[in-house]
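As a basis for the values below, the full set of heavy atoms in this structure was taken, side chains included, without hydrogen atoms, waters or symmetry mates. In what follows, chains are A, B, ... by sequence order, proteins preceding strands, each numbered from 1.
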Amino acid sequence: MKLFYLIKKELIEVTRQKELLVLMFIGPVIQIIILGYVISTDIRHVPVGIVNLSKGQAAGQIIQRIRQTPLFRVRYVSDRNEDYLYLLKKGEVKTMLIFRDALDKKRNVLNYPEVQILMDGIDSNTSMIAAGYFNGVIKNYILNDMERRGQGLPLASKTVFRFNPQLRSINYMGPGIVAFLLTIITMFLTSASLVREKEQQTLDTLLISPLSTLEIYIGKAVPAALIGIVDMVIGLLVVVLWFGIPFRGNLFYLFLASLVYLAAILSYALLISVLSSTQQQAMFFSWFSLMIFLLMSGFFTPVDNIPPLMRVLADINPLRYLIKIIREIFLKGNGIAYFWKDLLVLGGIALTLISISLLNFKRFISK
Amino acid sequence: MGRIKAIIVKEFFHILRDPRSLTMVFITPLVMIFILGYSISYDLNRIDAAVIDLSQSRLSRELVKAFAANRVFVVQTRDENSPGTLSLAAAEDLLRRGKIKEFIIIPADFSRRLAAHGQSDLGIVIDGSDTNVANLVYQYNERILLEFTAAMSGVGPLLKIDTKIYFNPEVRSQFFFIPGLAAVILLMISAMLTSLSIAKERETGSIALLFISPLKSREIIVGKTIPYIIVALLDGLVILLFARFWFGIPIRGSLAVLLLFALLYIIAGLSLGILISTSAPTQRVAMLATLLSTMLPSMLLSGFIFPIDSLSPVLQAISYAIPATYFLRIIRGVILKGAELQHFLFEGGMLIVLSLVLLAAATRKFNRQRKAVQ
């Protein structure tokens, strides 16, 4: 019952500020919608330049196809051999395509031209994708050309994309954004909580109250968890209803995973709060952790790419597990049989963090 | 000017009084770049694939070999748990568990039909959940199949394609990510530095002293921003040097030009922070607002990861309001391509405009609060 009053006090404190309410509930919706659109944009309109030094028909026809697809935006065309590198340097084009006549040993002009692709390697991802698109255009051209001349291609492959047939990136990223916003909001509310009482010198009042340390922790964590759950429900509704992401799994498992995750992330935030002496320090700590959590979670780039030494950090990153579970539930409809290990690890992280801050509470707080 | 000096000195004391925060301002970005510089990479080094070879003919084995010969493919044709070829159900399960990225089905009549009709089919199932990876896997498949077909039918190389990569010949994503990270981190640090300054005075009540001081609102806002310029600029320099000497990111352009633009960029970040600080009633609100307004937008809308060219017109318009958009172009241009001052006059000008707008908004807000109290 004592605990109930603390929770009530915390909830009042959080909800009485209009600005905080707006940030907590409206902010995430706007972010999900805007970011959802950013993420669902596939790479298109890659700026390219074309230099056509070939006299053959094929080059002209391939260039025609490049102009027609929305994948490329042709910014520069020339049939003279001049300094095209400078456009690449200026960043005006990401890729430069140069067509030349290909000759065989007898110096006869061959059917297909030679192509040289000059890529801006800085945004290697875009360049690689552009090169892939370009290969696709050429492949289609050759296939059509061979068919027209009555030569069928002997091998036809049919590719199916399982779990996400249309390859919509929002299906993959959307659930991840919800998980991340849940993290930002609960982590900030909680990491600022105890240190705020320190700054305003109300912590002593809390310490001499009949509440035990664990109860103080719970009292600080429960309101944030409640707000987090509400945010999560709103976020899920937005991604499912607004963006039409299919939900194939079990809602119960999703909430179970989120609760275990919240236990871990809130324990971490409390630890930050106990260790910091000003709210500014708490903010820097949380920010630092959030960036690491986010960028090592597989949200943007696959976790497989992380080298072994840094892998340890990825392995104790709670967000990584939530994102993995939430994606599996959303896209693959996987049941608990597939991710119980991840849940256990999350639970383990939570227990470890709670124990550290409970055992060292007196030592930490006196600083 | 003398009056502004007083407030600058006061803020400096304030910064120096909390050495722990100051250390964090300098240490955390380095640790972050250190960890993330090694960890973020798009490069697909390994594709786990399974082949269900129902044909078991010479030709089908050659096809499997063609895949296995590619350095990124790790091809599995047998089931770990039961003997014999992989079953469809087992392959589906591997895909669901994320153990493989794709499986290829070679039908039983593969070589028979090829011999009889000169044509045969192949089934490929790719895990589409990570669209980026799925696309890359698809492209690898296509290339291998095209080459295999060409070799088989004796057409020879269909079209000679020769690819050259500039500015980053080894295609290390570090070249792309580390300057980007430096830009995003610098903006967030700047915004955070000032975001609590006025909110804190409000929370502790000392804001009343500022209100009744003879200083103009403009002077207070500017005075509270200036000390942090020095802190953030030093921070930026440390970050750049770390990227240069630890990760070997070459600075091909002039460091002075880069620092000049960094200065403009930092001022924009600090101005954003001060605007948040004057608008927020408590530090908690200021913190959350700073994070929500800087973190995801400057990572997702600035070209840090997703190219701006692909965004829809509305989103492109939003990206113009984000300081990181401009500095990302500048830092990548100067560091990696050796671009010069005159290439970025527009970007620099926009950064100045953004700072002025933000500072003016902050001053107005502060002034109004002051009037309301008096």
Need one label for Leu95(B): side chain, backbone, both or neither, based on atoms under 4.5 Å from any heavy atom in chain A. both
Bottom line for Gln166(A): the part with an atom under 4.5 Å from chain B's heavy atoms is neither
The interface call for Ile98(A) against chain B, heavy-atom contacts under 4.5 Å, is neither
Residue part contacting chain A, namely of Ile318(B), when any heavy atom lies under 4.5 Å: side chain
Looking at Arg327(A), Met310(A), Gln281(A), which makes the most heavy-atom pairs under 4.5 Å with chain B? Gln281(A)
Let's test your reading of the structure: which of Met296(A), Met96(A), Lys324(A) forms the most heavy-atom pairs below 4.5 Å with chain B? Met296(A)
Under a 4.5 Å heavy-atom cut-off, does chain A meet the side chain of Ile35(B), its backbone, both or neither? both
For each of His343(B), Met188(B), Met299(B), Arg329(B), tally heavy-atom pairs with chain A at distances under 4.5 Å, and name the one with the top tally. Met188(B)
Tyr38(B) versus Pro307(A), closest heavy-atom pair with distance: O-CD, 3.1 Å
Please classify the contact of Met24(B) with chain A as side chain, backbone, both or neither, using a heavy-atom distance under 4.5 Å. side chain
CE of Met295(B) to CG of Leu290(A): how many Å apart, nearest 0.5 Å? 4.5 Å
So which heavy atom on Gln283(B) is nearest to which on Glu199(A), and how close? NE2-OE1, 2.8 Å
Select, from Phe285(A), Phe180(A), Trp287(A), Phe330(A), the one with the greatest count of heavy-atom pairs under 4.5 Å involving chain B. Trp287(A)
Correct closest heavy-atom pair for Tyr133(A) and Gln139(B) would be N-NE2, 4.4 Å
Whatever's closer than 4.5 Å to a heavy atom in chain A on Val133(B) counts as side chain
Pairwise distance CG(Leu296(B)) to CG(Leu294(A)) - rounded to 0.5 angstrom: 6.5 Å
Looking only at Met287(B), Lys200(B), Glu92(B), most heavy-atom pairs under 4.5 Å shared with chain A are made by Met287(B)
If you round to the nearest 0.5 Å, how far is CD of Glu19(A) from CG of Leu288(B)? 12.0 Å
Kindly give the heavy-atom pair with the smallest separation between Met32(B) and Ile292(A), and that separation in Å. CG-CD1, 4.0 Å
Tightest non-hydrogen contact, residues Asp130(B) and Pro302(A), listed as OD2-CG, 4.3 Å
At a heavy-atom distance under 4.5 Å, which candidate from Met291(A), Arg73(A), His45(A) has the highest pair count against chain B? Met291(A)
Let me know if Leu36(B) has heavy atoms under 4.5 Å from chain A in its side chain, its backbone, both or neither. side chain
Option in Leu181(B), Ile189(B), Ile105(B) with maximal non-hydrogen atom pairs under 4.5 Å from chain A: Ile189(B)
Given a strict heavy-atom distance threshold of 4.5 Å, which part of Ala134(B) is in contact with chain A: side chain, backbone, both, or neither? both
Can you check whether Glu203(B) reaches Gln200(A) side chain to side chain, under 4.5 Å on heavy atoms? yes
Say you draw a straight line from CZ of Phe300(A) to CD1 of Ile305(B); how long is it, rounded to the nearest 0.5 Å? 4.0 Å
Measuring heavy-atom distances to chain A, does Ser195(B) have an atom under 4.5 Å in its side chain, in its backbone, in both, or in neither? side chain
Who wins among Thr95(A), Thr278(A), Leu189(A), Leu23(A) for the most heavy-atom pairs under 4.5 Å with chain B? Leu23(A)
Contacting region of Asn334(A) [heavy-atom separation from chain B under 4.5 Å]: both
Going from CZ on Arg162(A) to CD on Glu102(B), what distance comes out if it is rounded to the nearest 0.5 angstrom? 12.5 Å
Using a distance-only test with no angle check, is there a side-chain donor-acceptor pair under 3.5 angstrom linking Tyr338(A) and Asp93(B)? yes
Looking at Asp127(B) and Lys332(A), is there a salt bridge between them, counting it only when a charged N and a carboxylate O are closer than 4.0 Å? yes
Tell me if the OH atom of Tyr138(B) is crowded by more than 12 foreign heavy atoms within 6.0 Å. no
Please check this pair: side chain of Gln31(A) against backbone of Leu292(B), looking for a donor-acceptor N/O pair closer than 3.5 Å. yes
Interatomic distance, Ile126(B) atom CD1 to Asn164(A) atom CG [nearest 0.5 angstrom]: 12.0 Å
What's the shortest heavy-atom distance between Arg20(B) and Ser276(A), and which atoms? NH2-CA, 4.1 Å
Heavy-atom proximity to chain B below 4.5 Å, by part of Leu331(A): side chain
Measure distances from Arg311(A) to the heavy atoms of chain B and classify the residue's part below 4.5 Å as side chain, backbone, both or neither. neither
Quick one: are Phe284(A) and Leu193(B) in side-chain contact, heavy atoms under 4.5 Å? yes
Side chain, backbone, both or neither of Asn141(B) within contact of chain A (heavy atoms, under 4.5 Å): neither
